[in-house]
Amino acid sequence: MSSSVRPVPAMIRAVDTIQQAGYKTGVITNNWIDDINEKTNELMTQFLNSHFDVVLQSCQLGIRKPNPLIYRLACHRLEVQPSQAVFLDDLGRNVRAARDVGMTAVRVRETHQALRELGTLLGVRLAFEKTDSSSSSSHVSLKS
């Protein structure tokens, strides 16, 4: 993966915990295809596919957050209504767009803050480490 996009271990552990609790998970990422480093793109895609039930990559879809279509598509692929989804992102405009389509949305300012809010919303205890930084990728967790 590129040096600017790194998985946050606490977030990945949270995704695994959420899935074990019976929730579906997805990620929406505004990424791009790097013609120079095809192997990095392949590794990133494999990583995302190994941790999430649904992966939406803007470079493949031709639509990006905050376009409402990408949020609706995530819900469609996860077979839930927007009102059943919880969306996390570090950018306010993406959080507002998710709320506008009917999702519950959490703005990620710090990992522990976001995981605390997400755990409360889902009724799932999520472990976190305060040393983890905020995540730049977006996660959709679904209420069962």
Side-chain angles (χ1 to χ4, degrees), residues 1-34 37 40-144:
M1 292 190 190
S2 77
S3 60
S4 63
V5 179
R6 293 189 180 154
V8 177
M11 285 290 188
I12 298 304
R13 286 190 304 274
V15 168
D16 294 340
T17 299
I18 290 165
Q19 288 175 327
Q20 290 169 6
Y23 293 97
K24 299 175 189 176
T25 62
V27 64
I28 302 170
T29 179
N30 280 353
N31 64 354
W32 61 93
I33 295 176
D34 182 350
N37 198 341
T40 298
N41 296 326
E42 184 179 324
L43 290 172
M44 182 179 72
T45 298
Q46 288 174 359
F47 176 83
L48 293 173
N49 285 329
S50 72
H51 287 282
F52 294 91
D53 298 306
V54 169
V55 176
L56 297 171
Q57 298 184 69
S58 60
C59 65
Q60 295 173 344
L61 298 170
I63 52 175
R64 300 172 52 87
K65 298 174 291 178
N67 185 325
L69 294 175
I70 203 161
Y71 303 98
R72 290 187 186 110
L73 182 58
C75 290
H76 175 75
R77 290 198 180 165
L78 286 162
E79 300 177 339
V80 299
Q81 295 299 311
S83 62
Q84 297 172 292
V86 179
F87 176 81
L88 281 74
D89 200 285
D90 60 341
L91 298 178
R93 67 179 176 267
N94 296 337
V95 170
R96 283 187 298 279
R99 286 182 183 144
D100 287 347
V101 300
M103 297 172 144
T104 299
V106 174
R107 180 143 184 212
V108 178
R109 290 180 174 85
E110 295 180 335
T111 300
H112 68 278
Q113 156 268 324
L115 292 180
R116 187 178 307 114
E117 289 182 46
L118 180 61
T120 298
L121 287 166
L122 299 179
V124 175
R125 182 171 161 75
L126 301 175
F128 60 86
E129 298 171 12
K130 288 191 177 192
T131 57
D132 288 335
S133 63
S134 67
S135 171
S136 62
S137 60
S138 305
H139 309 282
V140 178
S141 301
L142 302 166
K143 301 175 186 176
S144 57

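- Taking 4.5 Å as the limit, some side-chain heavy atom of Met103 sits within range of a side-chain heavy atom of Cys75.
- Side-chain contact check for Thr29 and Gln57: no donor-acceptor pair (N or O, by modelled atom type) lies under 3.5 Å.
- Between the CG atom in Leu78 and the CG atom in Leu56 there is a gap of 7.5 Å [rounded to 0.5 Å].
- Counting all heavy atoms, side chain and backbone alike, Arg107 lies closest to Val95 at CA-CG2, 3.8 Å.
- To the nearest 0.5 angstrom, Phe52 atom CZ is 7.5 Å from Gln19 atom CD.
- Of the possible donor and acceptor atoms, none in the side chain of Thr45 sits under 3.5 Å from a partner among the backbone N and O of Glu42.
- Residues Tyr23 and Val80 are not in side-chain contact: their nearest non-hydrogen atoms beyond the backbone lie 4.5 Å or more apart.
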So Ile18 and Leu118, side-chain contact (heavy atoms from CB on, under 4.5 Å) or not? Walk me through it.
CA-CA 10 Å; Ile18 290 165; Leu118 180 61; 3.5 Å; yes

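- A pairwise comparison of heavy atoms in Val101 and Pro82 identifies O-CB, 3.1 Å as the closest pair.
- The CD1 atom of Ile63 lies 9.0 Å from the OG atom of Ser58; values are rounded to the nearest 0.5 Å.
- Nearest heavy atoms, Leu126 versus Leu115: CD1-O, 3.6 Å.
- Closest of all the heavy-atom pairs between Met11 and Val108 is CE-CG1, 4.2 Å.
- The two residues Ile28 and Phe87 come nearest to each other via the heavy atoms CD1-CE1, 4.0 Å.
- In this structure, Val106 and Ala114 approach most closely via the heavy-atom pair CG1-CA, 4.2 Å.
- For the atom pair OG1 of Thr104 and CD of Glu117, the computed distance is 11.5 Å after rounding to the nearest 0.5 Å.
- Atom CG of Leu91 sits about 7.0 Å away from atom NZ of Lys65, to the nearest 0.5 Å.
- Between His51 and Asp16 there is a side-chain heavy-atom pair separated by less than 4.5 Å.
- Residues Asn94 and Tyr71 meet the side-chain proximity criterion, which asks for heavy atoms closer than 4.5 Å.
- Using a 4.5 Å heavy-atom threshold, the side chains of Ser50 and Gln46 count as separate.
- Put simply, NE2 on His76 and CG on Leu69 are 12.5 Å apart, with the number rounded to the nearest 0.5 Å.
- A heavy-atom distance below 4.5 Å is not found between the side chains of Thr25 and Val54.
- For Arg109 and Asp90, the salt-bridge test fails: no basic side-chain N is under 4.0 Å from an acidic carboxylate O.
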